[in-house]
Amino acid sequence: MNGELMTDAGEGVAALEAEVSSRIGTFLKRAEQALIAEKTRVLRPFDLTVAQYAAMLALHYAPGQSAAQLARAAAVTPQTMAAVLGSLESKQLIERVVSTLHAKVLVVTLTDAGEDLVMKADVEAKAVEARLKRAFTAPESMALISLLERSIDALAPIAEVP
């Protein structure tokens, strides 16, 4: 009987693996994980996480953002962004000051050291994306972007009709 249970369990695991490996979400997740893993690797020499880099890059392009804005830009939770900003501040890569528009909001800017570091890190992060892009022809790359945009749209919450 014990052998039968092991066989049934083994067959169940095989069936689960076959089911999961045929789902489009599995491939999207694996692609995302591969991209994040490679960006993590190239950002390590700069002592930056992907979330820290994303926040700093957002600040490079639009200085003076709030933590909530940066959380959205970096696709992390507000709690994670609070930790990210604390770490960047302790490294003296960012400064937080009270907003001129709202006294309860802190806005974030890069320090000169932060600006310099994110520009150096961006060279490496762009190289990762360039390597990914080279895996496709120009039409394939455009098609992939279009398909991913359609995927995002298809998964957008459906507005409830009153």
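For clarity, every value in this text was computed on a predicted model and none was experimentally measured. Only heavy atoms go into these numbers, but all of them, side chains included; no hydrogens, no water, no symmetry mates.
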Task: Cluster check Phe27, Phe136: I/L/V/M/F/W/Y, side chain < 4.5 angstrom - done: no

Task: Where Leu88 and Leu48 come nearest, the two heavy atoms and their spacing - done: CD2-CD2, 4.1 Å

Task: Backbone of Ala58 reached by a side-chain donor or acceptor of Gln65 within 3.5 Å - done: yes

Open item on the list: Run the side chain to side chain contact (heavy atoms under 4.5 Å, CB included) test on Leu110 and Leu93 for me, step by step, so that the C-alpha distance in whole Å, both residues' side-chain angles and the decisive distance to 0.1 Å come before the verdict.
Closed with: CA-CA 6 Å; Leu110 293 171; Leu93 298 172; 5.7 Å; no

TODO: Quick one: pull up CG in Asp122 and NE2 in His60 and give me the separation to the nearest 0.5 Å.
DONE: 7.5 Å

- [ ] Any salt bridge (Lys or Arg N to Asp or Glu O under 4.0 Å) involving residues 84-107? Give me the pairs, sequence neighbours left out, ordered by first then second residue.
- [x] Asp47-Lys91, Glu89-Arg96

Can you give me every donor-acceptor pair (side chain of residues 139-148, partner residue at least two apart or in another chain, under 3.5 Å) with its distance?
| residue | atom | partner | partner atom | Å |
| --- | --- | --- | --- | --- |
| Glu140 | OE1 | Thr137 | N | 2.8 |
| Glu140 | OE1 | Thr137 | OG1 | 3.4 |

Task: Contacts of Arg30 that satisfy side chain to side chain donor-acceptor pair (under 3.5 Å) - sequence neighbours left out - done: none

Open item on the list: Looking at Ala83, is its backbone amide N or carbonyl O close enough to the side chain of Ser87 to form a donor-acceptor pair, meaning the two atoms are under 3.5 Å apart?
Closed with: no

Open item on the list: Assess the residue pair Glu124 and Leu43 against the criterion (side chain to side chain contact (heavy atoms under 4.5 Å, CB included)); give the C-alpha distance rounded to whole Å, side-chain angles, the decisive distance to 0.1 Å, and a yes or no.
Closed with: CA-CA 7 Å; Glu124 299 302 321; Leu43 293 172; 5.5 Å; no

Task: Salt-bridge criterion met for Lys126 and Glu129 (N-O under 4.0 Å) - done: no

Task: Non-neighbouring partners of Ser90 that pass side chain to side chain donor-acceptor pair (under 3.5 Å), sequence neighbours left out - done: none

- [ ] Any chance you could lay out the side chain to side chain contact (heavy atoms under 4.5 Å, CB included) test for Leu85 and Met81, step after step, and finish with the verdict?
- [x] CA-CA 6 Å; Leu85 294 177; Met81 185 51 62; 3.8 Å; yes

TODO: Identify whether Leu132 and Leu28 are in the same connected component of the hydrophobic contact network (ILVMFWY, side-chain heavy atoms under 4.5 Å).
DONE: yes

Open item on the list: Could you measure the distance from the NZ atom of Lys29 to the CD atom of Glu32? Nearest 0.5 Å is fine.
Closed with: 4.5 Å

Open item on the list: Could you report the tightest heavy-atom contact between Leu57 and Val118, atom names first, then the distance?
Closed with: N-CG2, 3.7 Å

Open item on the list: Can you tell me if Asp153 has over 12 outside heavy atoms packed within less than 6.0 Å of its CG?
Closed with: yes

Open item on the list: For a quick test of reading the model, state the closest non-hydrogen atom pair linking Gln92 to Thr111 and the distance between them.
Closed with: O-OG1, 2.8 Å

Task: In one Ile/Leu/Val/Met/Phe/Trp/Tyr side-chain cluster, 4.5 Å: Ile36, Tyr53 - done: yes

Open item on the list: Testing the basics here: between Ala55 and Val84, what is the closest heavy-atom pair and its distance to 0.1 Å?
Closed with: CB-CG1, 4.3 Å

Open item on the list: Checking Glu149 now: which residues fulfil side chain to side chain donor-acceptor pair (under 3.5 Å) with it, not counting sequence neighbours?
Closed with: none

Task: Ser66 to Gln69 - nearest heavy-atom pair and separation - done: N-OE1, 2.7 Å

- [ ] Kindly give the cluster partners of Leu106, where membership spreads through any ILVMFWY side chain lying under 4.5 Å from a current member.
- [x] Val98

Task: Single-linkage hydrophobic cluster Leu117~Tyr61, side-chain heavy atoms < 4.5 angstrom - done: yes

